[in-house]
Structures are given as structure tokens and as C-alpha cells.
Amino acid sequence: MNNNDIVKVSVIIPVYNAEKYLKQCLDSVINQTLKEIEIICVDDGSTDSSLDILHEYEAKEQRLTVLTQKNKFAGVARNAGIVAAHGDYIMFLDSDDEYQLGAFKAVADVIEKTN
């Protein structure tokens with residue numbers, strides 16, 4: 001992500017052995033209607049193909065950044081993502097979950113409307 005880009009939402013995804021669900025998870029974020037996002041995936045020492053999938057997506061999606069760490073569990077991975085985040089707002093997503101289309105825009109709109 002270019003530092004000059006406006007980032008409204010940083011979505012942080014801790015990843016550990018999520019190869020079965022990871023592509024659907026990432027697609028649900030990449031395809032959001034709000035495009036001013038950054039996607040920070042923190043691989044927590046996966047032993048399956050999760051890290052390969054992350055690098056595959058990182059190569060084709062400029063808004064996606066992959067961080068790696070030895071297995072320290074999801075909370076530590078989330079904290080590493082927070083340190084790297086540039087967005088006005090931070091959202092979290094588990095690697096076996098998905099966001100509905102339009103979720104980021106809806107959340108950002110409500111926050112901005114209600115302060």
C-alpha cells in the first residue's frame with residue numbers, strides 16, 4: 001500500500017491453518033464496495049498452505065500485506081496487525097469467516113454520521 005493512499009478501514013486477519021476457508025475470506029474483503037481499505041493478514045506460523053495462499057493474493061492485490069510470526073496465537077497476531085495499520089478505523093476478521101458485501105461501507109458511514 002502506498003503511504004499516500006487514503007485508508008479508511010484497516011482489516012486485520014490473523015491466519016493459522018485456514019487453507020480450507022482462506023480464499024473465501026479474502027475474496028469477501030477484496031470485493032467490498034468500500035475500496036479505501038488495507039488488508040493486513042498475519043500468518044501465525046501456519047503449517048498448511050495458508051501462507052502460500054496469502055502470498056498468492058498479495059502478489060495480485062496491492063491493498064493486501066502479509067506479515068508472519070511464529071505461532072503466538074490470534075491475539076498477538078491481531079496486535080501485530082494493529083501496529084502495522086494505517087486506517088482511520090480497524091476491523092477484525094477471523095480467517096474462517098467472511099464479511100457480507102457492503103459491510104465496510106456501512107460501518108464507516110455509521111461511524112462518520114454519528115461521530
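- Side-chain heavy atoms closer than 4.5 Å link hydrophobic residues (I, L, V, M, F, W, Y) into clusters, and following such links, even through other members, never connects Phe73 to Val42.
- For the pair Glu98 (side chain) and Cys25 (backbone), a donor-acceptor distance under 3.5 Å is absent.
- Glu61 contributes no side-chain N or O that, together with a main-chain N or O of Ile39, makes up a donor-acceptor pair within less than 3.5 Å.
- Between Ala80 and Leu67, the shortest heavy-atom distance links the atoms O-CD1, 4.0 Å.
- Residues passing the side chain to side chain donor-acceptor pair (under 3.5 Å) test with Asp88: none are found, sequence neighbours excluded.
- Evaluation of the ring pair (Phe, Tyr, Trp, His ring centres under 6.0 Å) test over residues 22-65, restricted to residues two or more places apart or in two chains, returns none.
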Report, one line per pair, each donor and acceptor closer than 3.5 Å where one atom sits in a side chain of residues 6-22; sequence neighbours left out.
residue, atom, partner, partner atom, Å
Lys8, NZ, Glu112, OE1, 3.4
Lys8, NZ, Glu112, OE2, 3.3
Ser10, OG, Glu38, OE2, 2.5
Ser10, OG, His86, N, 3.4
Ser10, OG, Gly87, N, 2.8
Asn17, OD1, Thr47, N, 2.6
Asn17, OD1, Thr47, OG1, 3.4
Asn17, OD1, Asp48, N, 3.2
Asn17, ND2, Thr47, OG1, 3.2
Glu19, OE1, Ser49, N, 3.0
Glu19, OE1, Ser49, OG, 2.6

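- Hydrophobic clustering (ILVMFWY, side-chain heavy atoms < 4.5 Å, transitive): Ile111 and Met91 are in one cluster.
- At a threshold of 4.5 Å between side-chain heavy atoms, the hydrophobic network of Ile, Leu, Val, Met, Phe, Trp and Tyr places Ile90 and Leu93 in two separate groups.
- Evaluation of the side chain to side chain contact (heavy atoms under 4.5 Å, CB included) rule for Lys72 yields Asp44, Gln69, Val76 as partners, not counting sequence neighbours.
- Looking at every heavy atom in both residues, Leu26 comes nearest to Leu64 through CD2-CD1, 4.0 Å.
- Counting heavy atoms from C-beta on, the side chains of Asp94 and Arg78 come closer than 4.5 Å.
- Evaluation of the ring pair (Phe, Tyr, Trp, His ring centres under 6.0 Å) test over residues 87-115, restricted to residues two or more places apart or in two chains, returns Tyr99-Phe104.
- Shown here are the side chain to side chain donor-acceptor pair (under 3.5 Å) partners of Asp52, two or more places apart in sequence or in another chain: there are none.
- Grouping the Ile, Leu, Val, Met, Phe, Trp and Tyr side chains by contacts below 4.5 angstrom, directly or via other members, places Leu51 apart from Ile40.
- For the atom pair Lys35 NZ and Arg63 CZ, the distance stands at 5.5 Å (nearest 0.5 Å).
- Counting non-hydrogen atoms of other residues, nucleotides and ligands closer than 6.0 Å to NZ of Lys113 gives a total of 12 or fewer.
- Distance alone, capped at 3.5 Å, places no donor-acceptor pair between the Ser46 side chain and the Asp43 backbone.
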